[in-house]
There are 2 protein chains.
Amino acid sequence: MTVVPPTAATLPVTVDVVALTVRDDTLQVLLVERAVEPHRGALALPGGFVLPGEDLVTAAARELAEETGVTPPGHLEQLRTYGPLGRDPRGPVLSVAYLLVAPHFGVVEAGSDAAAAGWHPVAAVLPADGEGAGAARLAFDHARILADGVERTRSKLEYSALATAFCADEFTVTDLRRVYEAVWGVRLDPRNFSRKATGTPGLLRETGRTTSGGTGRPAALYRAARPVVRAGGLADAAADVTALLNPPLLRPAP
Amino acid sequence: MTVVPPTAATLPVTVDVVALTVRDDTLQVLLVERAVEPHRGALALPGGFVLPGEDLVTAAARELAEETGVTPPGHLEQLRTYGPLGRDPRGPVLSVAYLLVAPHFGVVEAGSDAAAAGWHPVAAVLPADGEGAGAARLAFDHARILADGVERTRSKLEYSALATAFCADEFTVTDLRRVYEAVWGVRLDPRNFSRKATGTPGLLRETGRTTSGGTGRPAALYRAARPVVRAGGLADAAADVTALLNPPLLRPAP
DNA sequence: TCAAAAGTGTTGAATGTACACCCATGG
DNA sequence: CCATGGGTGTACATTCAACACTTTTGA
């Protein structure tokens with residue numbers, strides 16, 4: 001069935017998932033503690049080898065479920081591919097990284113190959129450049145993969161509706177603002193943000209409902225204007241959550 | 001040496017290169033005519049199988065040189081990864097696509113596995129949506145890969161200094177504007193563009209020299225403010241040509 | 001002197017930013 | 001009534017967009 005030139009290499013391929021959420025106004029990443037060598041005991045991104053006949057997205061969802069008990073409830077997109085040389089002591093391994101952005105989802109529990117699974121503030125795992133050794137080292141080149149995923153997320157908040165993928169089904173403008181503030185690490189003016197968010201086409205869809213029960217005036221509830229899709233087939237066609245926003249919500253200049 | 005779980009698949013891996021340039025005020029892509037099955041005779045992106053012990057960028061440069069005689073003179077960055085299922089009649093194949101952006105470079109000549117190699121206007125190969133069958137079909141899923149590469153390029157012109165990678169070592173503001181016009185397919189006001197380009201930090205570096213010989217007033221010559229780097233190691237650290245521009249050069253609204 | 005291309009000035013519109021102020025609810 | 005958070009009005013600054021106009025060259 002598989003016929004390739006005799007000179008071609010075939011490589012073991014893994015998928016790794018950078019699963020991000022905002023909890024307690026903090027950007028957090030889902031990590032596992034490795035239960036097997038190499039890097040046994042170290043923190044790592046959930047992931048593992050692609051099985052025969054399996055597609056990449058399938059493998060990413062399977063590994064995530066196996067190791068953390070989480071079924072992708074949010075936006076899954078390919079991040080980039082790493083390797084194959086110099087990243088695994090066992091030899092050449094190609095790794096395709098995925099970015100999962102989701103509202104804070106339910107219980108995580110350690111599964112196969114993982115001694116533990118849980119959320120960690122990105123700031124505690126990735127030392128912001130300038131500071132010394134931030135915290136526990138991640139296995140393999142996962143620190144770099146995580147950094148790439150966070151950077152991609154920060155950029156995409158400006159130019160796409162990705163921030164809505166961090167929010168639950170229905171959410172307020174304040175919920176959305178807290179996502180921007182947590183991911184960018186800045187404070188935004190609630191009043192101007194509200195106008196900008198509601199005035200940007202393709203970001204919010206009104207529901208007509210409002211919050212209730214909290215203190216203060218009830219807030220209008222919105223849904224994401226663009227569907228949060230699983231990366232997979234040729235999903236780029238329709239205007240999904242990654243489509244360019246016009247005008248963008250630019251980060252305040254430093 | 002290579003030790004992977006017995007259940008893991010190993011996959012044949014190819015690299016494909018979307019090489020773009022601007023020639024005759026038109027965005028063009030480097031294509032080869034396949035000399036071997038499958039898809040013999042069809043147009044395809046240059047590319048091929050990764051060899052044992054080889055890294056991805058190395059393989060991309062090698063295949064490009066072998067099939068087209070071109071040595072990457074410009075900006076090479078990873079585009080994304082496709083597959084492994086449903087894209088090659090021979091079976092599962094993973095393909096890592098690269099984007100090469102370069103000034104119009106020298107002679108191209110067909111090499112191994114290629115009956116011909118040459119530049120083709122993107123518009124002639126990728127039918128703009130809305131029109132029917134645009135032109136010759138590309139082999140495999142290369143039409144989609146090309147579309148992704150073009151889309152990425154269009155976006156990156158807005159938010160990074162990537163346009164300078166289309167230009168020769170020294171270039172004028174008009175040269176740069178023609179890149180934007182060709183890639184976006186729009187006309188830009190030369191006077192406002194000039195102000196915007198020279199006023200955007202991180203885009204241009206003055207040389208003090210000017211053009212001469214042409215008709216009209218000589219134009220100031222610039223160099224790219226940010227180095228055009230080969231994708232490869234951890235090259236993202238320094239502010240290279242892909243670093244975010246602030247403020248961006250936004251496309252005119254449709 | 002003229003044509004051509006480069007580059008600057010200017011003006012009204014649109015957008016961003018800071019903050020005063022009003023609105024709607026729970027206690 | 002007050003405290004609290006949601007949301008609008010407004011004024012000023014900045015940027016954008018269109019285009020008149022000046023500059024500098026070759027013919």
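Residue numbering restarts at 1 for every chain, and letters A, B, ... go by the order of the sequence lines.
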Task: Stretch residues 179-194 of chain A: residues that reach within less than 4.0 Å of DNA chain C through a heavy atom - done: Asp189(A), Arg191(A), Asn192(A)

Task: Rounded distance (Å) that lies between atom C1' of dG7(C) and atom CG of Leu204(B) - done: 14 Å

Task: Candidate nucleotides dG7(C), dT24(D), dC16(D), ranked by approach to the side chain of Pro218(B) - the nearest - done: dT24(D)

Task: Where at least one partner belongs to residues 177-186 of chain B, residue pairs that pass side chain to side chain donor-acceptor pair (under 3.5 Å), sequence neighbours excluded - done: Arg177(B)-Glu181(B)

TODO: Figure out the CG/P separation between Leu221(B) and dT24(D), and round it to whole Å.
DONE: 17 Å

TODO: Give the ring-plane orientation class for His104(A) versus Trp119(A), where under 30° counts as parallel, over 60° as perpendicular and anything between as tilted.
DONE: perpendicular

Open item on the list: Suppose we screen for salt bridge (Lys or Arg N to Asp or Glu O under 4.0 Å). Which residues come up paired with Asp24(B), at least two apart in sequence or across chains?
Closed with: none

Task: Length of the NZ-C1' vector between Lys196(A) and dG7(D), whole Å - done: 18 Å

TODO: Calculate the interatomic distance between Leu176(A) atom CG and dG6(D) atom P; express it in whole Å.
DONE: 13 Å

Open item on the list: Under a 3.5 Å distance rule, please check whether Asp189(A) uses its side chain to pair with a backbone N or O of Asn192(A) as donor and acceptor.
Closed with: yes

Task: cation_pi(Arg191(B), Phe193(B)) dist<6.0 Å, angle<=45 - done: no

TODO: Output the residues of residues 153-175 of chain B in contact with DNA chain C, where contact means a heavy atom of the residue under 4.0 Å from an atom of the strand; sort by number or write none.
DONE: Thr174(B)

Open item on the list: Once salt bridge (charged side-chain N to carboxylate O under 4.0 Å, His left out) is applied, what residue pairs with a partner in residues 96-105 of chain B remain, sequence neighbours excluded?
Closed with: none

Open item on the list: Would the base of dG5(D) count as contacting Arg217(A) through its side chain, where contact means a donor and an acceptor less than 3.5 Å apart?
Closed with: no

TODO: Measure the distance from CZ on Arg177(B) to P on dA5(C) and round it to the nearest whole Å.
DONE: 10 Å

Open item on the list: Under the rule for side-chain contact (heavy atoms from CB on, under 4.5 Å), what residues qualify as partners of Arg209(A), not counting sequence neighbours?
Closed with: Glu170(A), Thr207(A), Leu221(A)

Task: Upstream residue (5' side of DNA chain C) when Ser212(A) and Arg195(A) are each assigned their closest nucleotide - done: Arg195(A)

Task: Under 3.5 Å side-chain donor-acceptor pair for Asp148(B) and Tyr82(B) - done: yes

Task: Gap between atoms CG and P, on Leu250(B) and dA14(C) respectively (whole Å) - done: 17 Å

TODO: Compute the ring centroids of Phe171(B) and Tyr222(B), then answer whether they are less than 6.0 Å apart.
DONE: no

